[in-house]
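A short worksheet on the structure shown next.
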Number of protein chains: 2
Amino acid sequence: MNQDSILRSLVADNLVSDPSGARGRLLREAARLFRDKGYERTTVRDLAAAVGIQSGSLFHHFRTKEEILKAVMVETIRLNTALMQAAVESADSSREKLRALIRAELESINGQTGEAMAVLVFEWRSLSEESRAYVLELRDIYEQLWLDVLGALHRDGVLAADPFVVRRMLTGALSWTVTWYRPDGGLTLDDLTDQVVAMMGVKGPGT
Amino acid sequence: MNQDSILRSLVADNLVSDPSGARGRLLREAARLFRDKGYERTTVRDLAAAVGIQSGSLFHHFRTKEEILKAVMVETIRLNTALMQAAVESADSSREKLRALIRAELESINGQTGEAMAVLVFEWRSLSEESRAYVLELRDIYEQLWLDVLGALHRDGVLAADPFVVRRMLTGALSWTVTWYRPDGGLTLDDLTDQVVAMMGVKGPGT
DNA sequence: TTACAAACCAAGCGCTTGCTTGGTATTGTC
DNA sequence: GACAATACCAAGCAAGCGCTTGGTTTGTAA
């Protein structure tokens, strides 16, 4: 189950928009604009211009501007949850599962879905109360993947610190890479993964 | 040199506004509103109402709304840089200096200046190009404090990972605490500091 | 060819925004 | 007590905002 087939499966189930369709293209441009200028500074005219239509025509696809923000976030979480799940399942030991999770999250933040992930981090305050509740609900599924793995490592005595605290520290540290990491800076995502694992106080198998 | 005297010294030098003055009170309310609602969603009418004046009267104190955002950020960096400097100087070993820095940054993020620090993290995109350049300049002084200490630990073989990467990971992890840490949750800032230090792969004195 | 829905345009409405203006209290100074 | 300078108010302007409306084009299928 590679990344492409996971995406295609989600598209087939109508959980994620086809990236090549009109709606999918709009969401991609929206993510880019929201990340670059922020949600509030991005006007519906900006969004429309980015996909080459009139501003009023946007409201044929989405009822409100906020619905666009919500869709960007919801679809991104759905996709990355599925990718994470696959990453966990493909690894054997808990230690390898953790590494796979870190690697996958770095990929989601600094790869294809990077714009949308940045929006998820920086623009959640612009969501309405109900949209926020729904997004948080989806996020919990995602977070449970992490807590399961960290909890197992904790029980095995490999991880000393509290899994909840560790996850939150990791969330911050990994999210923040979006503000400074550049793939052309001589540091690959694998290098970065190594540094994170090394920095975590996870005792190696031999000690 | 305690925290209060540091603040008073900065006020005397006109680098930070007196918190009890009109300007200082406005900046405090602005920081709170900007954190809660975001800069763009906060109107000048909101700001004026928070300090009990008419919206037009704001422009007697600040030329533009953006100048208020800039002032919140600049004064916060100035204060926290001074506090960090004192924290570093009061510690003897590099290891203790690192702990003092972590503790001080957690304090700045989750204590009195918490609102303003959150603004610094989440609202920097709303700054104009020039304001951003100035803020980054001030930030560099602040960051150098960290890199000096981390560099010393690295040279001594206490810290294995790259100081630049470690600092950036720490920035993310510590900033993120603003989204989840609550002092009434049974975890003190000292506890949290311990967890961070423990999580960092800094080898203890005995190994 | 006809029928119909989906996708889009052109125009603009009603409202909110940051900020300005002209004038009035309030404060500090000699 | 005269006189600025400072701090504020009341009113409103011009621009930009999200979104609506009524009508036209495009795609699809019988």
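What you see below is based on every heavy atom in this structure, not just the backbone, and it leaves out hydrogens, waters and symmetry mates. Just so we're on the same page: letters track the sequence lines, and every chain starts at 1.
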To the nearest Å, give me how far apart [atom1] ([X]) and [atom2] ([N]) are.
{"X": "A:Q54", "N": "D:dG23", "atom1": "CD", "atom2": "P", "value": "18 Å"}
{"X": "B:L47", "N": "D:dC8", "atom1": "CG", "atom2": "P", "value": "15 Å"}
{"X": "B:F34", "N": "C:dG18", "atom1": "CZ", "atom2": "P", "value": "9 Å"}
{"X": "A:H60", "N": "D:dG23", "atom1": "NE2", "atom2": "C1'", "value": "15 Å"}
{"X": "A:F62", "N": "D:dG18", "atom1": "CZ", "atom2": "P", "value": "15 Å"}
{"X": "B:E66", "N": "C:dC19", "atom1": "CD", "atom2": "C1'", "value": "14 Å"}
{"X": "A:E40", "N": "C:dT17", "atom1": "CD", "atom2": "C1'", "value": "12 Å"}
{"X": "A:I53", "N": "C:dA10", "atom1": "CD1", "atom2": "P", "value": "12 Å"}

Between A:G52 and A:R45, which has a closest nucleotide on DNA chain C that is more 5'?
->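 Checking each residue's closest nucleotide, the 5'-ward one belongs to A:G52.
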Looking at every strand, decide which applies to B:S55 at a 4.0 Å heavy-atom threshold: base, sugar-phosphate, or nothing.
->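 It contacts base atoms.
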Contact class for A:T43 (heavy atom, under 4.0 Å): base, sugar-phosphate, or nothing?
->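 Touches sugar-phosphate only.
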Any idea how A:F122 and B:W124 line up, ring-wise: parallel (<30°), tilted (30 to 60°), or perpendicular (>60°)?
->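 It falls in the perpendicular class, over 60°.
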Have [X] and [Y] got a donor and an acceptor in their side chains that come within less than 3.5 Å?
{"X": "A:T193", "Y": "A:D190", "result": "no"}
{"X": "B:Q195", "Y": "B:D191", "result": "no"}
{"X": "A:Q144", "Y": "A:D148", "result": "yes"}

Which of these nucleotides, D:dC19, C:dA7, D:dA7, is closest to any side-chain atom of A:H61?
->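 Of the candidates, C:dA7 comes closest.
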Which of the following nucleotides, D:dC19, C:dC8, D:dC9, is nearest to the side chain of A:S57?
->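 Of the options given, the side chain of A:S57 lies nearest C:dC8.
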A:R25 with A:E29: basic N within carboxylate O range, under 4.0 Å =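 Not counted as a salt bridge, because no side-chain N and carboxylate O are separated by less than 4.0 Å.
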5′-ward residue of the pair A:R63/A:D46 relative to DNA chain D =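 Looking at the nearest nucleotide for each, A:D46 comes out on the 5' side.
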